[in-house]
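Labels below follow one simple rule: chain letters A, B, ... track the order of the sequence lines, proteins then strands, and each chain is numbered from 1.
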There are 2 protein chains.
Amino acid sequence: MLDLAILGFLYDERLHGYDLRKRIAALTGHVRPIADGTLYPLLKRMEAGGLLTRELEPGQIAAPRHMLSLTAAGRTALLDRLRDPDELYITDENRWFVLLAFLRHLADPPAQAAVLRRRLHFLTQPASFFWDGDRPLRAADFDDHFRQGLFAIATATTRTELKWLRETLVTLSGAGTDQA
Amino acid sequence: MLDLAILGFLYDERLHGYDLRKRIAALTGHVRPIADGTLYPLLKRMEAGGLLTRELEPGQIAAPRHMLSLTAAGRTALLDRLRDPDELYITDENRWFVLLAFLRHLADPPAQAAVLRRRLHFLTQPASFFWDGDRPLRAADFDDHFRQGLFAIATATTRTELKWLRETLVTLSGAGTDQA
DNA sequence: GGAGCATACCTAGACTTCGAGGTATCTCGG
DNA sequence: CCGAGATACCTCGAAGTCTAGGTATGCTCC
């Protein structure tokens with residue numbers, strides 16, 4: 001998930017690690033930013049894997065910076081990840097939201113395909129949190145305030161996403177200018 | 001996070017692993033249920049740690065079942081976890097939602113404290129996804145449909161939770177019947 | 001001029017969860 | 001009676017992330 005975010009942010013910008021770290025924290029809404037010990041070793045691995053390159057710069061505020069940019073392989077890797085159906089079938093919901101943040105880098109048809117897959121997931125998966133067998137649950141079915149809150153939050157999130165998915169499919173359908 | 005969910009579900013019920021697995025999947029809304037290879041070894045570790053015990057039962061549908069129940073230490077562990085301020089400061093948002101699902105096991109005053117901490121987090125953390133410096137962002141600030149969707153979903157989720165937090169604090173304040 | 005703080009990067013070990021396999025039991029259809 | 005499928009549990013190695021330490025630079029305030 002982290003590597004997807006890194007590829008996404010570097011796709012059209014040149015950033016250094018410290019900056020990247022702040023942007024990732026903002027994107028994922030994490031309470032604490034991701035740990036240094038997570039980000040920097042990953043950047044090294046990605047560099048070793050030929051996905052990005054770094055240039056040392058003097059550093060405008062304090063210590064010298066390692067400015068990072070994607071290689072051609074790195075840009076291809078992002079586009080492949082964005083198109084990959086497996087990115088949806090992941091335990092961590094954050095994964096899909098990170099993907100959403102960078103789906104703009106894909107041309108309409110493959111982006112539409114990703115949105116369609118996501119919608120299909122909602123329609124076919126029972127989403128068992130919201131159902132008791134065939135009966136849709138209501139907040140009143142929970143006898144404590146806490147699960148009622150959890151239910152309200154989950155419902156709001158799902159409803160908003162479904163609404164957006166519907167609108168998006170209408171917008172995207174027909175407008176096919178294949179680039180990626 | 002998984003162990004918190006296990007403690008929560010077993011607090012007032014006796015379940016076997018397979019059932020637990022389905023409930024956890026439903027609770028966290030994970031696309032794929034958690035892997036067997038994750039759950040069963042964890043259950044063994046928790047048993048070795050004295051948090052739960054198992055009894056073998058013949059199995060009503062198929063293979064024999066290992067019925068699990070919490071020990072006194074296990075129940076104490078859950079209450080401690082629910083009260084632990086650190087459970088909020090975790091990168092994974094799921095953590096807080098799992099906690100919310102079982103907060104009913106706490107008496108009012110400590111539950112209220114957890115809710116207060118969560119609200120404080122929203123009010124003090126810049127929540128940088130929603131702000132450009134001091135200016136609140138709007139959907140129109142994003143020039144692609146995908147980030148607009150992401151923004152809409154994040155906004156709906158946050159707004160719903162903040163509304164619930166406000167209501168809950170009104171409900172809980174004053175009603176102090178200390179049990180846990 | 002030195003203490004404190006933000007910037008900027010790094011290492012090593014540990015923990016959690018995943019992925020890909022495997023075994024055994026029971027029911028039901030053919 | 002045998003194969004398919006759901007139930008129910010298990011092992012082992014790999015991947016991803018965290019925790020807890022560390023180094024070095026430049027600014028600001030006293």
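- Rounding to whole angstrom units, CD1 of residue A:Ile24 and C1' of D:dT17 are separated by 13 Å.
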Scan the side chains in residues 37-49 of chain B for donor-acceptor partners under 3.5 Å anywhere in the protein, sequence neighbours excluded, and list what turns up.
residue: B:Glu47; atom: OE1; partner: B:Arg54; partner atom: NE; Å: 2.8
residue: B:Glu47; atom: OE1; partner: B:Arg54; partner atom: NH2; Å: 3.2

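- If you take CZ of B:Arg45 and C1' of C:dT16, they are 8 Å apart, rounded to a whole angstrom.
- Proximity of residues 47-56 of chain B to DNA chain D (heavy atom under 4.0 angstrom from any strand atom) is restricted to B:Arg54.
- Here the C1' atom of nucleotide D:dC9 and the CD atom of B:Glu57 are 15 Å apart, to the nearest Å.
- With sequence neighbours left out, B:Thr160 forms a side chain to side chain donor-acceptor pair (under 3.5 Å) with no residue at all.
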For this session: Run the numbers on A:Thr157 and B:Thr157 for side chain to side chain donor-acceptor pair (under 3.5 Å), then give the verdict.
Result: CA-CA 5 Å; A:Thr157 304; B:Thr157 305; 2.7 Å; yes
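- OP1 or OP2 of D:dT11 sits under 4.0 Å from a side-chain N or O of B:Lys44.
- Under the rule for a side chain to side chain donor-acceptor pair (under 3.5 Å), B:Asp84 has no partner lying at least two apart in sequence or in another chain.
- Candidate nucleotides C:dC18, C:dT11, D:dC18 were compared by shortest atom distance to the side chain of B:Ile34, and C:dC18 ranks first.
- Rounded to an integer number of Å, the gap from CZ of B:Arg21 to C1' of D:dA6 is 12 Å.
- B:His145 meets the ring-ring contact (aromatic ring centres under 6.0 Å, His included) test with A:Trp164; sequence neighbours excluded.
- With rounding to whole Å, B:Leu2 atom CG is found 15 Å from D:dT17 atom C1'.
- Atom CG in B:Leu43 sits about 14 Å away from atom P in D:dA8, given to the nearest Å.
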Pairs of donor and acceptor atoms involving the side chains of residues 2-13 of chain A, under 3.5 Å and at least two apart or interchain, shall be tabulated with distances.
residue: A:Asp3; atom: OD1; partner: A:Met1; partner atom: N; Å: 3.2
residue: A:Asp3; atom: OD2; partner: A:Arg81; partner atom: NH1; Å: 2.9
residue: A:Glu13; atom: OE1; partner: A:Arg23; partner atom: NH1; Å: 3.0
residue: A:Glu13; atom: OE2; partner: A:Arg23; partner atom: NH1; Å: 3.4

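- If you check every strand for non-hydrogen atoms under 4.0 Å, A:Leu39 touches nothing.
- Protein atom CE of A:Met67 is 14 Å distant from nucleotide atom C1' of C:dC9, rounded to whole Å.
- In this structure A:His16 satisfies the ring-ring contact (aromatic ring centres under 6.0 Å, His included) test with no other residue, sequence neighbours excluded.
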Under 3.5 Å, which N/O atoms of the protein pair with N/O atoms of nucleotides 4-8 of chain C?
residue: C:dA8; atom: OP1; partner: A:Arg65; partner atom: NE; Å: 2.5
residue: C:dA8; atom: OP1; partner: A:Arg65; partner atom: NH2; Å: 2.7

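- In this structure, B:Arg119 contributes its side chain and B:Arg166 its backbone to no donor-acceptor pair below 3.5 Å.
- The side-chain contact (heavy atoms from CB on, under 4.5 Å) check on A:Glu57 picks up A:Arg14, A:Met67, with sequence neighbours excluded.
- In this structure, CE of A:Met46 is placed 16 Å from P of D:dA15, rounded to the nearest angstrom.
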